[in-house]
Structure formats: structure tokens, C-alpha cells
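Written out below as C-alpha cells is the structure these notes cover.
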Amino acid sequence: PNVFITIQPAFERKTTDAQHFTEEIKFILRLTEKNLLGKRWSKHHYPFVVCLENDHGKSTWHAHILGKFTNPFTGQPEPQGDIEQALEKANHSYRCKYGCKQDINTKVCMLDNATSVRKATSYCTKETWCQFLYDSEPARSETSCVIFGLENDRLDTRIKQKLLAGTNA
């Protein structure tokens, strides 16, 4: 992966309901891809893993995204500014759809070396590794193929394994 993104919903939309939060994240990510790739976004998409977490059931849900945001048309990594702008446009649509007064909270970090990839991967999966220590709903991790309902399960499994292992997909 070359990008690490954190997304928290607008304050008035924060929730402890995982299903509700998952639907909102799907909406945000779908619009972000559409904003980055334009009209052809549904045929070409960025492979990523979404890790949803809620501090072992002690807080509301938020998401971490690890992905290889390389433009399928140019083969070049998407610049951080373009990703931030795409998220900002998605935020505008999110606010209109859900009637929010506040913005979603996002942070985009570019991962430029193996150490930062390992740290980001470890951070994204921290709740998954210790879920057995707590009596709470475990963190969830899904690939973009599952999030967007794409049919290729073998590709989905391969992407998830490679992205969580910190290698290129």
C-alpha cells in the first residue's frame, strides 16, 4: 500500500452500530473513487483494505483504509492533494445526504517506505489482534471488493492478504 487514510463520521452521525457505520463508509469511499477516477470509476478501482474499529466496544466506529492508490490510466500514484480533494468532495455529498452540519474527519498519510507501511498495517489491525482479550464486538476488516460487491472472491482474498502483509498488490 502507498496510502493510509483515517475517516471518522461527522459528530452528529457517530454511532456504535457497525452496520449503520459500514453503509456510511461505503458511501464515502464510493464517492471518493468516483471523484478520483471520473465516469470510468466503476470499471477500474483502487484495491484497499478497510479496517473498522471502535476501541473494543468503548467508543463509536471509525475507519482506517490501507490502499494502493495508483491511477489505473496513468500508472502513477495519486498525489496526496488529489486524494484529499476527492475526500472533501465526498464529504460535501455526505453532508447533503445525511443533513450534517459538521464535516467528516479525515486524515491522509502517504506511505513512502517499508517501515511506514509496517507501522500503518500494525496500527490498522491493532484491535483485530487483541479482540480475544475483550468481551466486545471485534474490529472488522474488509477489502474494497467486498465493500463494493465485486464478484471476484479469489482476487479479494489475494488483495487482503497482500495489503495486510504490507506488500504491493
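The figures that follow rest on heavy atoms only: side chains count, while hydrogens, waters and symmetry mates do not. Computed from a predicted model, the values in this text were never measured in an experiment.
- With sequence neighbours left out, the side-chain hydrogen bond (donor to acceptor under 3.5 Å, both in side chains) criterion links Thr6 to His64.
- Looking at residues two or more places apart in sequence or on another chain, you find a side-chain contact (heavy atoms from CB on, under 4.5 Å) between Lys89 and Asn35, Gln85.
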*Passes side-chain contact (heavy atoms from CB on, under 4.5 Å), Ile5 versus Ile83? Steps please.*
CA-CA 9 Å; Ile5 303 170; Ile83 296 169; 4.0 Å; yes
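- Between Leu37 and Tyr46, the closest heavy-atom pair is CD2-OH, 3.2 Å.
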*Can you check side-chain contact (heavy atoms from CB on, under 4.5 Å) on Asn2 and Phe69, steps first, answer last?*
CA-CA 7 Å; Asn2 62 350; Phe69 283 76; 4.1 Å; yes
*In sequence, state the C-alpha distance, the side-chain angles, and the governing distance for Leu52 and Phe21, and then conclude on side-chain contact (heavy atoms from CB on, under 4.5 Å).*
CA-CA 9 Å; Leu52 306 177; Phe21 179 67; 3.5 Å; yes
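- Residue Ser93 holds its OG atom at 11.5 Å from CZ of Arg30, rounded to the nearest 0.5 Å.
- To the nearest 0.5 angstrom, Glu78 atom CD is 8.0 Å from Thr70 atom OG1.
- For Glu23, the salt bridge (Lys or Arg N to Asp or Glu O under 4.0 Å) partners at least two apart in sequence or on another chain are Lys26.
- Scanning both residues, Ala10 and Tyr94, for their nearest heavy atoms gives N-OH, 3.8 Å.
- Side-chain atoms of Gln76 and Asn71 form no donor-acceptor pair, as typed in the model, at a separation below 3.5 Å.
- Proximity of a side-chain donor or acceptor of Trp61 to a complementary backbone N or O of Asn54 within less than 3.5 Å is not detected.
- With sequence neighbours left out, His20 forms a side-chain hydrogen bond (donor to acceptor under 3.5 Å, both in side chains) with Arg13, Glu24.
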Name every donor-acceptor pair, under 3.5 Å, that has one atom in a side chain of residues 97-112 and the other anywhere in the protein, sequence neighbours excluded.
{"from": "Asp103", "atom 1": "OD1", "to": "Asn91", "atom 2": "ND2", "distance (Å)": "2.9"}
{"from": "Asp103", "atom 1": "OD1", "to": "Arg95", "atom 2": "NH1", "distance (Å)": "2.8"}
{"from": "Asn105", "atom 1": "ND2", "to": "Gln8", "atom 2": "OE1", "distance (Å)": "3.3"}

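- Side-chain contact between Ile25 and Ile7 is present, with at least one heavy-atom pair separated by less than 4.5 Å.
- Contacts of Pro79 classified as side-chain contact (heavy atoms from CB on, under 4.5 Å), with partners at least two apart in sequence or in another chain: Asp82.
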